[in-house]
Amino acid sequence: HYTRGIQPSLTYYYTNNKIQQFSTRKRSDFQYLMPEIRFYNYRRMAARDILPKWGYQLRFQNLTPLASGDIYGQLYSARLTNYFPGFFPNNSLMVRLGYQYQNSKNKMMYIPKRILSAPRGYSYNIATEHLFEFKGDYAFSLAYPDWNLGWLMYIKRFRSNVFFDLSANKALSNADWVTQKSAGIDFIMDWHAIETEFPLSLGLRLVKPFDKDGIAAEVLMSVSF
């Protein structure tokens, strides 16, 4: 009933944004290398499950800028994601804990890239030396209409997700901790377009950043292959 595994990977990022070395004034393209290892063990899902009922995933990542000399350090991160059954059938609770550290000693700048994501509703603060994150999601189904609109689309399911995010960020070792918190809800439709086999998801997110006025709305789109 369980899927278990260890998955190492190596990712290469390239952008033609230029970096200028401080000492040599030489310009080079911005490149990253990110090795990763992932451990996972979760219960296989039924057709109506949104997330696994039981399980975990543990990820270790390291982001290293290439050809950056003494400008940038390295990013290290660890994330633990746990899955639990919800209050009703096919409901799921996901809890994620993460930590990110940037080696900024004797470096001139912060890396303009992230591994851990910001709380939903916030733009990411790249000035980070230590960063802790907590994310909690409760996913549940709303309806299974099974609407078939000819060749145009097939609407399989309406579902929702309630979430709470918290991050604590410290830009320097002697700096104060800065927290960001948000909560919100997603409304998502799972469907198929023009008789394709690929599942599509289209939705709306309403999120409330705790230290900002008002409620933000975001459009959600995804496709699975």
Asker: Does atom CG of Asp176 have more than 12 heavy-atom neighbours, drawn from other residues, nucleotides or ligands, at distances under 6.0 Å?
Answerer: no
Asker: Tell me whether Ser160 contacts the main-chain N or O of Asp186 through its side chain, where contact means a donor paired with an acceptor under 3.5 Å.
Answerer: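 Looks like yes, one N/O pair under 3.5 Å.
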Asker: Classify the ring geometry between Tyr138 and Phe140 as parallel (under 30°), tilted (30 to 60°) or perpendicular (over 60°).
Answerer: tilted
Asker: Would you say OH of Tyr12 has more than 12 non-hydrogen atoms from neighbouring residues, nucleotides or ligands within 6.0 angstrom?
Answerer: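 Result for OH/Tyr12: enclosed.
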Asker: Assess whether side chain to side chain contact (heavy atoms under 4.5 Å, CB included) is satisfied between Gln180 and Asn169, documenting all intermediate values.
Answerer: CA-CA 8 Å; Gln180 293 177 324; Asn169 175 58; over 6 Å; no
Asker: Identify the two heavy atoms, one from Ser92 and one from Pro52, that lie closest to each other, and give their separation to 0.1 Å.
Answerer: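 Distance-wise, the nearest heavy atoms are OG-O, 3.5 Å.
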Asker: Hey, which of Asp137, Leu51, Asp49, Val95 is the one that makes side-chain contact (heavy atoms from CB on, under 4.5 Å) with Tyr83?
Answerer: Leu51
Asker: Could you point out which residue of Tyr76, Phe132, Phe60 forms a ring-ring contact (aromatic ring centres under 6.0 Å, His included) with Tyr99?
Answerer: Phe132
Asker: Hey, any chance Tyr42 and Ile6 share a hydrophobic cluster, counting ILVMFWY side chains that come within less than 4.5 Å of each other, even indirectly?
Answerer: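 Tyr42 and Ile6: separate clusters.
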Asker: Check the surroundings of atom NZ in Lys170: do more than 12 heavy atoms from other residues, nucleotides or ligands lie under 6.0 Å from it?
Answerer: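 Yes, the 6.0 Å shell around NZ holds more than 12 heavy atoms from other groups.
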Asker: Would a hydrophobic clustering, with Ile, Leu, Val, Met, Phe, Trp and Tyr connected at side-chain separations under 4.5 Å, put Leu152 with Leu200?
Answerer: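 No; tracing contacts between hydrophobic side chains, which count when under 4.5 Å, never links both residues.
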Asker: Kindly indicate whether the side chain of Asp211, heavy atoms from C-beta on, has any atom under 4.5 Å from the side chain of Tyr122.
Answerer: yes
Asker: For residues Met189 and Phe187: do they belong to one hydrophobic cluster (side chain heavy atoms under 4.5 Å, members Ile, Leu, Val, Met, Phe, Trp, Tyr)?
Answerer: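 Same cluster.
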Asker: Hydrophobic cluster membership, with links at side-chain heavy-atom distances under 4.5 Å among I/L/V/M/F/W/Y: are Ile155 and Val223 in one?
Answerer: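 Hydrophobic grouping puts Ile155 with Val223.
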Asker: Between Trp54 and Tyr2, does the ring centroid distance fall short of 6.0 Å?
Answerer: no
Asker: Going through the checks in order, is the side chain to side chain contact (heavy atoms under 4.5 Å, CB included) test met by Lys135 and Ser117?
Answerer: CA-CA 10 Å; Lys135 293 180 182 293; Ser117 59; 3.2 Å; yes
Asker: Looking at CD of Gln31 and OH of Tyr14, how far apart are the two atoms once the value is rounded to the nearest 0.5 Å?
Answerer: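 It comes to 6.5 Å.
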Asker: State which residue, out of Arg120, Lys208, Arg96, fulfils the salt bridge (Lys or Arg N to Asp or Glu O under 4.0 Å) condition with Asp165.
Answerer: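 Going through the options one by one, the only one that passes is Arg120.
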Asker: CG/Leu220 to CG/Leu202 distance, rounded to the nearest 0.5 angstrom?
Answerer: 8.0 Å
Asker: Compare every heavy atom of Pro65 with every heavy atom of Gly73, then report the nearest pair and how far apart it is.
Answerer: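 So the two residues come closest at O-CD, 3.1 Å.
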Asker: Which heavy atom of Arg157 sits nearest a heavy atom of Pro145, and at what distance?
Answerer: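 That would be CA-CD, 4.1 Å.
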Asker: For the OH atom of Tyr101 and the CD1 atom of Ile115, what is their distance to the nearest 0.5 Å?
Answerer: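 Atom-to-atom, Tyr101:OH and Ile115:CD1 are 13.0 Å apart.
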Asker: At their closest point, which heavy atom of Thr196 faces which heavy atom of His192, and how far apart are they?
Answerer: O-ND1, 3.2 Å
Asker: Looking at Pro119 and Ser182, what are the two nearest heavy atoms and their distance?
Answerer: CB-OG, 3.9 Å
Asker: Before you tell me yes or no, could you show the steps for Arg114 and Gln100 under side-chain hydrogen bond (donor to acceptor under 3.5 Å, both in side chains), namely the whole-Å CA-CA distance, both residues' side-chain angles and the distance that decides it to 0.1 Å?
Answerer: CA-CA 9 Å; Arg114 63 180 181 265; Gln100 177 180 286; over 6 Å; no
Asker: Anything under 30° is parallel, anything over 60° is perpendicular, the rest tilted; go ahead and classify Tyr32 against Tyr13.
Answerer: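 Perpendicular.
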Asker: Any side-chain heavy atom of Leu97 within less than 4.5 Å of one from Phe134?
Answerer: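 With C-beta onward as the side chain, the pair touches.
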Asker: Let's go through Trp147 and Met153 carefully: what are the C-alpha distance in whole Å and the side-chain angles of both, what is the deciding distance for side chain to side chain contact (heavy atoms under 4.5 Å, CB included) to 0.1 Å, and is it a yes or a no?
Answerer: CA-CA 8 Å; Trp147 289 340; Met153 69 169 58; over 6 Å; no
Asker: Should Ile194 and Trp151 count as side-chain neighbours, where that means a heavy-atom distance under 4.5 Å?
Answerer: yes
Asker: Can you tell me how far CG of Asn91 sits from CD1 of Ile50, rounded to the nearest 0.5 angstrom?
Answerer: 7.0 Å
Asker: What is the distance from atom CG of Asn41 to atom CZ of Arg4, rounded to the nearest 0.5 Å?
Answerer: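 Those atoms lie 4.5 Å apart.
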Asker: I would like to know whether Ile185 and Phe163 meet side chain to side chain contact (heavy atoms under 4.5 Å, CB included); could you show each step before the answer?
Answerer: CA-CA 6 Å; Ile185 187 170; Phe163 62 85; 5.7 Å; no
Asker: Let me confirm one number: the CZ-CD distance from Arg59 to Gln7, rounded to the nearest 0.5 Å.
Answerer: 8.5 Å
Asker: Show, in sequence, the C-alpha distance, side-chain angles and deciding distance for Asn62 and Gln74, and conclude whether the side-chain hydrogen bond (donor to acceptor under 3.5 Å, both in side chains) test is met.
Answerer: CA-CA 7 Å; Asn62 165 232; Gln74 299 186 49; 3.2 Å; yes
Asker: Could you state whether Phe164 and Ile215 fall into the same hydrophobic cluster, counting links through intermediate Ile, Leu, Val, Met, Phe, Trp or Tyr residues with side-chain heavy atoms under 4.5 angstrom apart?
Answerer: yes
Asker: Which heavy atom of Ala168 sits nearest to which heavy atom of Trp177, and what is that distance?
Answerer: O-CZ3, 3.5 Å
